Amino acid sequence: MDDEEALRGVKLYMTKKERNFNVTGLCIPEKHFMVDLTDRIQQIRKMVDAGDYFTINCARQYGKTTTLTALAKAMDQEYLVVSLDFQALVSAAFQNENAFSLAFTM
């Protein structure tokens, strides 16, 4: 093996991205080990297409954010996907409709 071949091997090794276990937030399939969400996304998609409501109710670190992110990605060509996070809103924002609406402009 000549020097050029050896360097190619080093470059391949250095650019290879290994996946790891994520325990803090959103999982990214290319970066993290995770279960295949295909069947789950298809089931939820059928409910959305039918106009049904659904809830995702799990404890911490069970993939709620990852599932909703994958669902949004799967549906963004046919639907306008809007993500709302109410965690930052204080109770004063819920006193009336106007205050509630204005809370989203901050």
Side-chain angles (χ1 to χ4, degrees):
M1 174 180 348
D2 63 14
D3 289 342
E4 187 175 322
E5 288 175 330
L7 286 175
R8 254 194 312 249
V10 170
K11 287 179 184 174
L12 288 175
Y13 176 75
M14 290 173 55
T15 59
K16 180 182 175 188
K17 296 189 183 216
E18 295 185 22
R19 293 188 294 169
N20 58 24
F21 289 99
N22 180 28
V23 293
T24 57
L26 179 66
C27 289
I28 301 167
E30 295 80 23
K31 295 175 74 173
H32 306 116
F33 291 112
M34 56 184 284
V35 298
D36 183 3
L37 297 175
T38 305
D39 291 340
R40 185 177 303 170
I41 298 302
Q42 288 175 348
Q43 289 173 343
I44 297 171
R45 175 68 188 259
K46 286 179 186 176
M47 293 178 1
V48 171
D49 289 343
D52 296 336
Y53 289 98
F54 68 93
T55 61
I56 297 178
N57 185 12
C58 300
R60 293 182 69 248
Q61 301 299 314
Y62 270 81
K64 298 177 294 289
T65 301
T66 301
T67 299
L68 289 173
T69 301
L71 180 63
K73 185 176 179 181
M75 299 178 70
D76 69 354
Q77 296 297 312
E78 298 172 40
Y79 290 89
L80 172 61
V81 179
V82 178
S83 178
L84 300 175
D85 183 352
F86 294 101
Q87 295 179 79
L89 294 177
V90 295
S91 60
F94 295 102
Q95 288 180 357
N96 62 55
E97 294 172 0
N98 189 44
F100 180 78
S101 300
L102 291 174
F104 289 100
T105 62
M106 295 177 189

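Remember, it's a predicted structure, so these values are computed and weren't measured experimentally.
Residues L26 and H32 approach most closely at O-CE1, 4.0 Å, considering heavy atoms. Nearest heavy-atom pair across E30 and R19 is O-CG, 3.5 Å. The two atoms that bring T66 and C27 nearest to each other are OG1-N, 3.0 Å, heavy atoms only. Residue T38 comes nearest to D36 through the heavy atom pair OG1-OD1, 2.6 Å, listed as atom of the first residue, atom of the second, then distance.
Between the K64 side chain and the I56 main chain, no donor and acceptor come within less than 3.5 Å of each other. Between the side chain of N22 and the backbone N or O of G25 there is at least one donor-acceptor pair closer than 3.5 Å.
No more than 12 heavy atoms of other residues, nucleotides or ligands sit less than 6.0 Å from atom CZ of R40.
Screening residues 36-83 for ring-ring contact (aromatic ring centres under 6.0 Å, His included), with sequence neighbours left out, gives no hits.
Atom OG1 of T67 is separated from atom CE of M34 by 7.5 Å, given to the nearest 0.5 angstrom. Summarising the geometry, atom CG belonging to L71 is positioned 12.0 Å from atom CD belonging to Q43; distances are rounded to the nearest 0.5 Å.
Note on V35: it clusters hydrophobically with L68, by side-chain heavy-atom contacts below 4.5 Å among ILVMFWY residues.
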